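Following: one structure in structure tokens, then a few remarks.
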Amino acid sequence: MKAVYIHRYGGNEVVEYGERPNPKPRFGQVVVQVYAAAVNPRDWLMREGRYVFRFLTPRFPVILGTDISGKVVEVGKGVKHFRPG
């Protein structure tokens, strides 16, 4: 899949675009085929290392762009309110 991501904190120079492995949903998660994504303050604060809840995010590389629109393509165990399609 294509993604915008960072390998370390910093300015605009740390932002990369390229191929990332397709994700597999874990318990309580869904995988979404993204049709549109937006940048919000969380993304630039995360990029700079200033996001207050960054300890809740996965390890690097961190994929940016959490405001999305798309279609659910896969669900993990424990997901009750979403299904593919």
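Note that these values count all heavy atoms, side chains included, but never hydrogens, waters or copies made by symmetry. Values in this document were obtained by computation on a predicted structure and should not be read as measured data.
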Shortest non-hydrogen contact from [X] toward [Y]:
X: P25; Y: Q29; result: CB-O, 3.6 Å
X: G65; Y: A37; result: O-CB, 4.5 Å
X: M46; Y: I6; result: O-CD1, 4.0 Å

ILVMFWY cluster, F27 and V73 together (side-chain gap under 4.5 Å):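 Different hydrophobic clusters.
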With F60 via ring pair (Phe, Tyr, Trp, His ring centres under 6.0 Å) - residues at least two apart: Y9
Inter- and intrachain pairs under side chain to side chain donor-acceptor pair (under 3.5 Å), touching residues 59-72, at least two apart: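 Sorted result for residues 59-72: N40-D67.
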Hydrophobic cluster partners of F82 (side-chain heavy atoms under 4.5 Å):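 Traced through the cluster, F82 reaches V30, V32, V34, I68, V72, V75, V79.
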Whichever hydrophobic residues join M1 through chains of side-chain contacts under 4.5 Å: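 Result for M1 is Y5, I63.
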Heavy-atom donor-acceptor pair, R42 side chain to Y51 backbone, under 3.5 Å: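 No; zero donor-acceptor contacts below 3.5 Å.
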By salt bridge (charged side-chain N to carboxylate O under 4.0 Å, His left out) - contacts of R50 (at least two apart):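 By the salt bridge (charged side-chain N to carboxylate O under 4.0 Å, His left out) rule, R50 matches E48.
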Inter- and intrachain pairs under salt bridge (charged side-chain N to carboxylate O under 4.0 Å, His left out), touching residues 19-32, at least two apart: K2-E19
Non-hydrogen side-chain atoms of V62 and R47 separated by less than 4.5 Å: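 Not in contact.
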Intermediate values then yes/no, side chain to side chain contact (heavy atoms under 4.5 Å, CB included), L64 and V39: CA-CA 8 Å; L64 303 174; V39 175; over 6 Å; no
